[in-house]
Amino acid sequence: MPSTNVPTNTPVINEFVDGVEKDVNDCTPKTFWSALTEDWWAVIIGGIIVAGILGFAIASPGFKFTTPVYQWADTNDLVTKVFAINNLLLIAAIGLVFMAISSIAISLSGGNAGKFVKGFALIFVLGIVSLILAGNKTVNYYGIEYVVFALFSGLLIGNLTALPAWLKEAARSEFFIKTGLVILGTSILFTDIVQAGIPGILQAVVVVSTVWFFSMWLSRLLKVDDEFGVILASAVSICGVSAAIVAAGAINGDKKKLSYVTSLVLLVAIPMLIFMPYVIRALGLSDIVAGAWLGGTLDTTASVTAAAQLVGPLAIKAGVIVKFSQNVLIGVAAIFIAAWWTLKKDPSAKISTEGKGVSIVWERFPKFVLGFLAASLLFSFLVPTGTTKQVAGMLNSLRTVWFALAFVAIGLEARFADLVKIQGGRPALTFILAQLFNIAWTLLWAYLLFGGVLFPAPDIK
């Protein structure tokens, strides 16, 4: 996996110049900007984007934001809509803005902005192409998401070529996805979660906690180290890549292990996304139970929506609400994992944390989660409903682009050979077995809680 320059989750002690690692000792003077971690840069950039869109909407209440068009049914649509000059200019403008603010962060943090810009341009193009491919009506019908195309393009380049230094500099999957996650907070409203009532909250808590501890037990049984186990367990139990990044940040985990897990999440999600709707039909599940099952097992809101579209509109609503309920647990999980790992699991912490109390938990806490929670609280309780609707489409579109960049970068960082080579393939086996348990366990609770067995079925219309 390529090295990640600053920004990172921890204070920088190394930097890469022309692909060669250079030691930077602690006595090297640091500016305020260079001391900021990757998490804080994600919060700053995500915050700037959210504040900018929100401020414009408040100043112009009647303004309708124009979002890029990626959907097309035939060649005529592709030429007249997707490849229309205005649409291409809008996409290019988004790319230039993202490139500018990201390169400023990279430069202030001590990275090579010139190389980053060059690599970012390629990653952005691949990300947009993945969105256009997934926007095809036929492709969309079969539930194939842009993440599949983005990941596959990165995997091809990363596994068939030796990545040049300029592309390594830009392959910052965590930085991209953390920024997207901050923006994601604007769409996860507490009012949405209340719609599912007690069943949604109970399913999220019961499924996440049980699957997490089962995954950790399975990791130890198969002799997978605890660092790997925590990242794996979080990915399986909560919400895939996002939760894996939170867990890795909370324990200062190995970036190579994180890349491994994110690749696993996406590779395993593909057959799940395709086959689960057919299993739903075979079992004769109601749309609401089916949606709750999909929302509790598939690892992204996009994949839940794609799979649920093959079931019905009620499945989409139930699935998204349940997924939102689990996503909210990201912040809770971050606090729990940081505290548990630091105070119980990390041997070095016994010395380094002595006398620090909860301050060491704060040091390990992934700060971008604060941006996520702040955005969620802001849009849940302070932003008027009309304004939320006005900006929702634009923020969702911008967030999706950040995620597309992240999945291309994940592909660039991942190596198929690692799935077998790393610890004899045991982490991959652990993940697959834990996911099978997750599928069965979540189906049980989706039926009990949303099928009218323990409570009246939620009135989702």
Side-chain angles (χ1 to χ4, degrees), residues 1-12 14-19 21 33-34 36-46 48-49 94-95 97-128 130 147 150-151 153-155 157-158 163-183 241-242 244-246 248-249 252-263 266 366-368 371 398-415:
M1 172 183 174
S3 58
T4 51
N5 270 353
V6 286
T8 59
N9 274 338
T10 55
V12 177
N14 295 299
E15 64 178 281
F16 286 76
V17 180
D18 296 325
E21 189 173 10
W33 299 110
S34 64
L36 288 178
T37 65
E38 182 179 77
D39 283 26
W40 283 121
W41 279 115
V43 172
I44 291 171
I45 292 175
I48 289 173
I49 292 172
I94 291 172
V97 170
F98 283 12
M99 179 188 293
I101 56 181
S102 298
S103 60
I104 290 172
I106 299 303
S107 179
L108 290 175
S109 300
N112 189 315
K115 289 182 179 179
F116 175 82
V117 166
K118 186 178 179 181
F120 181 93
L122 175 60
I123 292 174
F124 182 80
V125 169
L126 292 174
I128 295 300
S130 72
V147 296
L151 178 67
S153 64
L155 285 171
I157 296 173
L163 293 185
W166 55 268
L167 192 50
K168 288 182 180 180
E169 179 73 17
R172 299 169 180 265
S173 58
E174 294 181 58
F175 174 53
F176 296 144
I177 206 163
K178 287 173 182 177
T179 305
L181 284 170
V182 171
I183 301 174
V241 173
S242 305
I245 289 174
V246 169
N252 286 337
D254 186 339
K255 300 296 179 65
K256 189 170 185 178
K257 293 178 181 178
L258 175 59
S259 178
Y260 178 100
V261 172
T262 54
S263 300
L266 296 173
K367 310 303 188 299
F368 77 91
L398 296 178
R399 181 197 75 214
T400 301
V401 173
W402 281 112
F403 283 174
L405 299 178
F407 289 121
V408 172
I410 287 169
L412 292 172
E413 296 169 342
R415 297 291 183 273

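We count residues from 1, following the sequence as given.
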Restricting to side-chain contact (heavy atoms from CB on, under 4.5 Å), what partner residues turn up for Ala170, sequence neighbours left out? Phe116, Ile123
Which residues satisfy the ring-ring contact (aromatic ring centres under 6.0 Å, His included) test with Phe403, sequence neighbours excluded? none
Phe176 and Trp402 aromatic ring geometry - parallel, tilted or perpendicular at 30°/60° bounds: tilted
With a 4.5 Å cut-off on side-chain heavy atoms, are Ile49 and Ile101 touching? yes
With sequence neighbours excluded, tell me which residues meet side-chain contact (heavy atoms from CB on, under 4.5 Å) with Leu122. Leu126, Trp166, Leu167
Are the side chains of Arg172 and Ile106 in contact, using a 4.5 Å heavy-atom criterion? yes
From CA spacing to verdict: side chain to side chain contact (heavy atoms under 4.5 Å, CB included), Leu108, Trp41: CA-CA 10 Å; Leu108 290 175; Trp41 279 115; 3.7 Å; yes
Nearest 0.5 angstrom please: Leu398 CG to Phe98 CZ, how far? 4.5 Å
Check Ala42 against Phe175 and note the closest heavy-atom contact, atom names and distance. N-CE1, 4.4 Å
Would a 4.5 Å heavy-atom cut-off, applied to side chains only, mark Val408 and Phe124 as touching? no
Quick one: are Ile44 and Leu36 in side-chain contact, heavy atoms under 4.5 Å? yes
Please report the interatomic distance OG(Ser130) to CG(Leu151), rounded to the nearest 0.5 Å. 10.0 Å
